[in-house]
Number of protein chains: 2
Amino acid sequence: MSENHSFHQIGEALRNARRIGCASHVRPDGDALGSLLGFALSMRLAGKEVVALSNDGVPWHLAFLPGADTIIKPDGQVCDVDLAVALDTATLDRLGANSIAALAKAGSLINIDHHGSNPGYGHLNYIDSQAPAVGEIVYDLLIDQGFPIDLSIRENLFAAISTDTGSFQYSSTTAHTHEIVAAMMRDGLDTARMARLLYSQNPMRRVDLLRTLLNEMEFRAEGRIASWIYPQSTKQRIGVQPGDTEGLIDNMRSIDSVVSAVIFEEQRDGNIRVSARSKDDRVNVANVCAQFGGGGHRAAAGATLPGPIATAATLYLEALEHEVRRTD
Amino acid sequence: MSENHSFHQIGEALRNARRIGCASHVRPDGDALGSLLGFALSMRLAGKEVVALSNDGVPWHLAFLPGADTIIKPDGQVCDVDLAVALDTATLDRLGANSIAALAKAGSLINIDHHGSNPGYGHLNYIDSQAPAVGEIVYDLLIDQGFPIDLSIRENLFAAISTDTGSFQYSSTTAHTHEIVAAMMRDGLDTARMARLLYSQNPMRRVDLLRTLLNEMEFRAEGRIASWIYPQSTKQRIGVQPGDTEGLIDNMRSIDSVVSAVIFEEQRDGNIRVSARSKDDRVNVANVCAQFGGGGHRAAAGATLPGPIATAATLYLEALEHEVRRTD
């Protein structure tokens, strides 16, 4: 990983830009869209022309984020921007092909992220693998460089921080995280309203999905591994939409015997998307996912395997069981 | 409600005491035991003889709290204490008959609470209905009066605050709440470890219970009310233990259409314990519970009705539906 550039260097590049195109990763989560919107809205207030891109659009459960209606789902056309900013995106290709195409004219790329595996693919890079959320880095950057912050920006950055810390429960959460939230609340942020919008708007589909998971999940390695096979047929029966599986894995992760939880999700193209979690510091799911070309964090990682789903599950679970048994 | 006494007055009474008996409410939750233990451990470090009482003992899911093994489940005998302290207990009788008997010899009673309905039954009272958790009041008291605070005390007070704010999601959470947590983290508190112990130790019984709830819950008032009937037969089939239902109601509360969620729990004596939640400021479940002799907060309240369970559910749901339809 290359050395980080300073907030000042990044601030200078932003101040010098006229048209900024910013984007975050495919299949966006709360940190991807919250940090993207928090950043984009601040740049707009600072007088920049801003294009905020999300390759896969905005899932229903994050459509309430202030400014979400201004996010563009790119269609392959090139945007007229002179500076590109990637947020929460470990590798360039994770921006998605259409977002990459849209940003092709930008003369320079700023890469702001918290994935330790990020190779520093920008012209300017700020990668802090200790930051629990890119939303926290964006907050620190905006404050440090004196960029505008209003309520809608605070709401987006809070959404980023709250979702990527599991509501302040993950080990990445620091005193600084709580201090930022306290400061934003003193400046008018209503965190309860945001928490309600983030966590208490489950459609019945989500309840169906959870019920199905609880009925179908399987255990191995003396109950230390919980896994669920989630094929297209289940998606079609329930009528799921993008974002419906958000947080679902925590229902397996929270079982006392479980140290690692995995969901095998069959995608439309037949590939199997693996989402893995660990709650034991000695069990590194990023390493297991790396064996299949994936990556992520120690405690939360992903990979994509070819189908059929039963074969992918068998292969992955063998590797995961090996990782879990290393701790015996 | 009588005027609050000052932290200084309470601190003086504590400093003048030699043997302190403290207790919190029956069927203790995280705030009851976390604030009780945080307080008791500090008083012990301050050189006092301390008896910490819990009328119903310590449920399995809170047995990890530092010092939980020193909590006494009173058997009707009187303790030799000169000062009694009630924590998180809205009315004296909520301490439980055996705890009340144990504290009978105390010459004075301090009442520290955050229930707005608390009548101020102590000789010294500190009731802050704005405080999200009594754990937060205890922290402020200990800091203000210079009583000792060590890591085990921070862990207990964090457990109190985290559980009573729904991991910082309820509207009672303030900037001050986050500032306290930040300060405790800077002093060495590992919140992720505590969150794991609080929220990721679900026994399979809890999974069974959740599965049953999801399969059996019912809706009325256009899906705005979700309710679940939880009879002794279900308890026996699953083999539930005290504390197993903690947080279960949030799975109904979080459904998008739902503004109020209720669980009707049949107790061994045949009475029905009602637990109700509201996520709409205009729907006050404390008022509905008050119609049946219960009480609590606007957004979280309880009552006890005579059985049979189907009759109790019908009666309560009619009153609740009336409250919900007031907002039409």
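Predicted model only: the values in this text are computed from it and were never measured.
For chain B, the nearby parts of N215(A) are the backbone and the side chain; heavy atoms of each come within less than 4.5 Å. Of the two parts of Y199(A), the backbone and the side chain both hold a non-hydrogen atom closer than 4.5 Å to a non-hydrogen atom of chain B. Neither the backbone nor the side chain of F158(A) has a heavy atom closer than 4.5 Å to any heavy atom of chain B. Proximity to chain B is absent for every atom of M252(A), based on heavy atoms less than 4.5 angstrom apart.
The aromatic rings of F168(A) and F168(B) sit perpendicular, their planes meeting at an angle over 60°, well past the 30° parallel limit.
Within the model, atoms CZ of R211(A) and CZ of R211(B) stand 12.0 Å from one another, a figure rounded to the nearest 0.5 Å.
The nearest pair of heavy atoms linking H178(A) to V181(B) is NE2-CG1, 3.4 Å. Pairing each heavy atom of D256(A) with each of M204(B), the nearest pair is OD1-N, 4.4 Å. What you find for H176(B) and R186(A) is that their closest heavy atoms are N-NH2, 3.9 Å. Shown here for S200(B) and R253(A), the closest heavy-atom pair between the two residues is OG-NH1, 3.5 Å.
Listed options I255(A), L198(A), T165(A), T177(A) were ranked by heavy-atom pairs under 4.5 angstrom with chain B; first place goes to I255(A). Between chain A and the options T174(B), V258(B), I180(B), D250(B), heavy-atom pairs under 4.5 Å are most frequent for T174(B). Top candidate by heavy-atom pairs under 4.5 Å with chain A, chosen from A195(B), S167(B), S171(B), is S167(B). The choice from A182(A), S162(A), G166(A), G223(A) that makes the most heavy-atom pairs within less than 4.5 Å of chain B is A182(A).
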